[in-house]
Amino acid sequence: MRLDKLLANMGYGSRKEVKQLLKQKAVTVDGITVKDSAMHVNPEKQDVSVLGERVEYVEFIYLMMNKPPGIISATEDRYDQTVIDLLDPDFQHFEPFPVGRLDKDTEGFLLITNDGNLAHNLLSPKKHVPKWYYAKIDGVVTEEDIKAFAQGVTLDDGYHTKPGELKILHSGEQSEIELMIQEGKFHQVKRMFEAVGKTVTYLKRLSMGPLQLDEQLALGEYRELTEQELNLLTANK
């Protein structure tokens with residue numbers, strides 16, 4: 001990897017700012033001061049330091065966020081704040097992206113990474129990655145709804161969903177449920193309930209695959225995945 005790219009990726013500034021560091025003799029490779037920004041280095045085998053501090057090379061980042069409502073699950077948007085806008089610049093410079101999307105008014109578990117292969121595996125329809133949601137429903141949710149969801153329901157555009165697992169936590173004029181689906185069609189949970197004549201008034205994603213939302217994360221907060229969580233994710237990669 002080019003030295004200037006490595007340092008820029010690790011948060012030491014833009015390529016232009018990195019060149020200034022090199023001119024100031026602030027960068028060493030294996031203890032030798034270097035000025036050539038185009039020099040190729042192996043960050044996993046060589047000791048690259050800036051102002052005497054060793055550069056810890058990280059290729060991928062993996063973040064769990066408790067997405068707040070009103071925020072867009074995208075890398076950029078002209079009008080609305082995105083989940084990437086909530087990240088510290090130290091993470092933003094890795095150019096991460098959300099794995100899948102949560103609707104603007106939906107909150108809860110969101111995985112953010114720059115690992116394209118992992119994201120592809122989690123989103124691939126062939127992988128059948130389960131996603132659990134908690135929702136409040138305007139209307140009485142019944143055993144008939146459980147049976148309908150277990151067979152899949154037909155959405156407003158004619159698409160017939162894969163089977164979903166519906167659990168009733170409370171049934172009444174305002175019901176509470178948990179639902180597991182294995183796909184991610186546009187507004188899918190809301191449209192599945194519309195298909196049985198009911199309206200979702202609140203929606204929160206609880207988990208994706210083997211990972212559950214860390215309930216200690218307040219809305220808008222995030223943290224890096226633990227080594228154990230990452231191992232769970234990559235076990236089925």
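Along the sequence shown, residues are numbered consecutively beginning with 1.
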Practice task
First locate atom OG1 of Thr201, then atom CZ of Phe193, and finally report the distance between them rounded to the nearest 0.5 Å.
Solution key: 10.5 Å

Practice task
Quick one: list whatever passes salt bridge (Lys or Arg N to Asp or Glu O under 4.0 Å) with Asp145, sequence neighbours left out.
Solution key: Lys198

Exercise for the section: Specify the closest pair of heavy atoms between Ala135 and Leu203, including all atoms of both residues, with the distance to one decimal. Expected result: CB-CD1, 3.8 Å

Exercise for the section: Using salt bridge (Lys or Arg N to Asp or Glu O under 4.0 Å) as the criterion, list what pairs up with Arg205, not counting sequence neighbours. Expected result: none

Exercise for the section: Quick one: pull up CD in Glu176 and NZ in Lys136 and give me the separation to the nearest 0.5 Å. Expected result: 6.0 Å

Handout entry: Flag, side chain of Gln92 to backbone of Pro89, donor-acceptor distance under 3.5 Å
Key = no

Handout entry: Test log, rule salt bridge (charged side-chain N to carboxylate O under 4.0 Å, His left out), inputs Lys190 and Asp105
Key = CA-CA 11 Å; Lys190 296 172 184 176; Asp105 59 351; 2.7 Å; yes

Exercise for the section: Identify whether Met180 and Leu213 are in the same connected component of the hydrophobic contact network (ILVMFWY, side-chain heavy atoms under 4.5 Å). Expected result: no

Fill in the blank from the handout: Interatomic distance, CD1@Ile181 vs CE@Met192, rounded to 0.5 Å, equals 6.5 Å

Exercise for the section: Tell me, with the steps shown, if Asn66 and Tyr222 meet side-chain hydrogen bond (donor to acceptor under 3.5 Å, both in side chains). Expected result: CA-CA 6 Å; Asn66 187 0; Tyr222 59 91; over 6 Å; no

Problem - Counterpart residues, side-chain contact (heavy atoms from CB on, under 4.5 Å), relative to Val129 (two or more places apart) - result: Leu122, Lys127, Met208

Exercise for the section: I would like to know whether Val55 and Met10 meet side chain to side chain contact (heavy atoms under 4.5 Å, CB included); could you show each step before the answer? Expected result: CA-CA 8 Å; Val55 177; Met10 292 302 102; 3.7 Å; yes

Practice task
Evaluate the criterion side chain to side chain contact (heavy atoms under 4.5 Å, CB included) for residue pair Ile146 and Glu143; output intermediate values, then yes/no.
Solution key: CA-CA 5 Å; Ile146 291 177; Glu143 291 294 324; 3.7 Å; yes

Exercise for the section: Indicate yes or no for a side-chain donor-acceptor contact from His160 to the backbone of Gly152 under 3.5 Å, with no hydrogens or angles considered. Expected result: yes

Practice task
Would you please name every residue forming a side-chain contact (heavy atoms from CB on, under 4.5 Å) with Glu144, sequence neighbours left out?
Solution key: Thr142, Lys147

Fill in the blank from the handout: Residues at least two apart in sequence or cross-chain that pass salt bridge (Lys or Arg N to Asp or Glu O under 4.0 Å) with Lys204, listed by chain then number, are Glu215

Problem - Whether Asn9 side chain and Leu6 backbone form a donor-acceptor pair below 3.5 Å - result: no

Practice task
Establish whether Val153 and Val189 are linked, either directly or via other cluster members, by ILVMFWY side-chain heavy-atom contacts under 4.5 Å.
Solution key: yes

Practice task
Evaluate whether atom CZ of Arg191 has more than 12 neighbouring non-hydrogen atoms of other residues, nucleotides or ligands under 6.0 angstrom away.
Solution key: yes

Problem - Exercise: identify the closest heavy-atom pair between Ser73 and Gly100 - result: CB-O, 4.5 Å

Exercise for the section: Would you kindly confirm whether Phe109 and Tyr133 end up in one hydrophobic cluster when ILVMFWY residues are joined by side chain heavy atoms under 4.5 Å apart? Expected result: no

Practice task
Keeping the roles fixed (side chain from Asn231, backbone from Glu227), state whether a donor-acceptor pair exists under 3.5 Å.
Solution key: yes

Practice task
Check the pair Glu44 / Tyr57 against side-chain hydrogen bond (donor to acceptor under 3.5 Å, both in side chains), numbers first and verdict last.
Solution key: CA-CA 7 Å; Glu44 294 179 352; Tyr57 176 64; 5.5 Å; no

Exercise for the section: Answer yes or no: is there a side-chain heavy-atom contact under 4.5 Å between Thr199 and Ile137? Expected result: no

Problem - Smallest separation among heavy atoms of Gln174 and Asp138, with atom names - result: NE2-OD1, 3.2 Å

Practice task
Grab the two heavy atoms, one from Ile61 and one from Val58, that are nearest each other, plus how far apart they are.
Solution key: CG2-CG1, 4.4 Å

Practice task
Give, for atom CZ of Phe91 and atom CD1 of Ile112, the distance between the pair rounded to the nearest 0.5 Å.
Solution key: 10.5 Å

Practice task
Just grab all the side chain to side chain donor-acceptor pair (under 3.5 Å) pairs involving residues 19-37, residues at least two apart or on different chains.
Solution key: Asp30-Gln46

Problem - Results of side-chain contact (heavy atoms from CB on, under 4.5 Å) for Phe97 - residues two or more places apart only - result: Thr75, Thr113, Ala119

Handout entry: Connected-component partners of Leu219 among ILVMFWY, side-chain separation under 4.5 Å
Key = none

Exercise for the section: Please check if atom CD in Gln212 has more than 12 non-hydrogen atoms from other residues, nucleotides or ligands closer than 6.0 Å. Expected result: no

Handout entry: Short side-chain to backbone donor-acceptor contact, Thr234 and Leu230, under 3.5 Å
Key = yes

Exercise for the section: Applying side-chain contact (heavy atoms from CB on, under 4.5 Å), name anything that partners Glu183, two or more places apart in sequence or on another chain. Expected result: Tyr159, Thr161, Lys162, Lys185, Gln188

Handout entry: Sole residue of Val83, Leu111, Leu87 in side-chain contact (heavy atoms from CB on, under 4.5 Å) with Leu63
Key = Leu87

Practice task
Work out which heavy atom in Val196 is nearest to a heavy atom in Ala148; give both atom names and the distance.
Solution key: CG1-CB, 4.4 Å

Completion exercise
Taken to the nearest 0.5 Å, the spacing of Leu232 CG from Leu225 CG works out to 10.0 Å

Exercise for the section: Find the distance between OG1 (Thr82) and CD1 (Ile72) and round it off to the nearest 0.5 Å. Expected result: 8.5 Å

Practice task
With sequence neighbours excluded, give me every salt bridge (charged side-chain N to carboxylate O under 4.0 Å, His left out) pair touching residues 60-83.
Solution key: Asp80-Lys104

Problem - hydrophobic_cluster_shared for Leu206 and Leu217, side chain cutoff 4.5 Å - result: no

Exercise for the section: Evaluate whether atom NZ of Lys5 has more than 12 neighbouring non-hydrogen atoms of other residues, nucleotides or ligands under 6.0 angstrom away. Expected result: no

Exercise for the section: Check the pair Leu86 / Met65 against side chain to side chain contact (heavy atoms under 4.5 Å, CB included), numbers first and verdict last. Expected result: CA-CA 10 Å; Leu86 300 181; Met65 176 180 285; 4.0 Å; yes

Exercise for the section: Flag the pair Asp4 and Lys16 as a salt bridge only when some basic side-chain nitrogen lies within less than 4.0 angstrom of an acidic carboxylate oxygen. Expected result: no

Practice task
Give a yes or no on whether the backbone of Phe186 and the side-chain of Asp103 come within a donor-acceptor separation of less than 3.5 Å.
Solution key: no

Exercise for the section: Decide whether Val140 and Leu179 are clustered together by the hydrophobic rule: side chain heavy atoms of Ile, Leu, Val, Met, Phe, Trp, Tyr closer than 4.5 Å, transitively. Expected result: no

Practice task
Show the numbers, then the answer: is there a side chain to side chain contact (heavy atoms under 4.5 Å, CB included) between His40 and Arg2?
Solution key: CA-CA 4 Å; His40 277 73; Arg2 278 178 58 123; 3.6 Å; yes

Exercise for the section: Output all residues satisfying salt bridge (Lys or Arg N to Asp or Glu O under 4.0 Å) with Glu53, sequence neighbours left out; order by chain, then residue number. Expected result: none

Problem - Minimal non-hydrogen separation, Pro69 against Glu107, with atom names - result: CD-OE1, 3.6 Å

Pairs of donor and acceptor atoms involving the side chains of residues 164-173, under 3.5 Å and at least two apart or interchain, shall be tabulated with distances.
residue	atom	partner	partner atom	Å
Ser171	OG	Val141	O	2.7

Practice task
Using modelled atom types only, decide if a donor and an acceptor are shared between the side chain of Glu229 and the backbone of Thr226 within a distance under 3.5 Å.
Solution key: yes

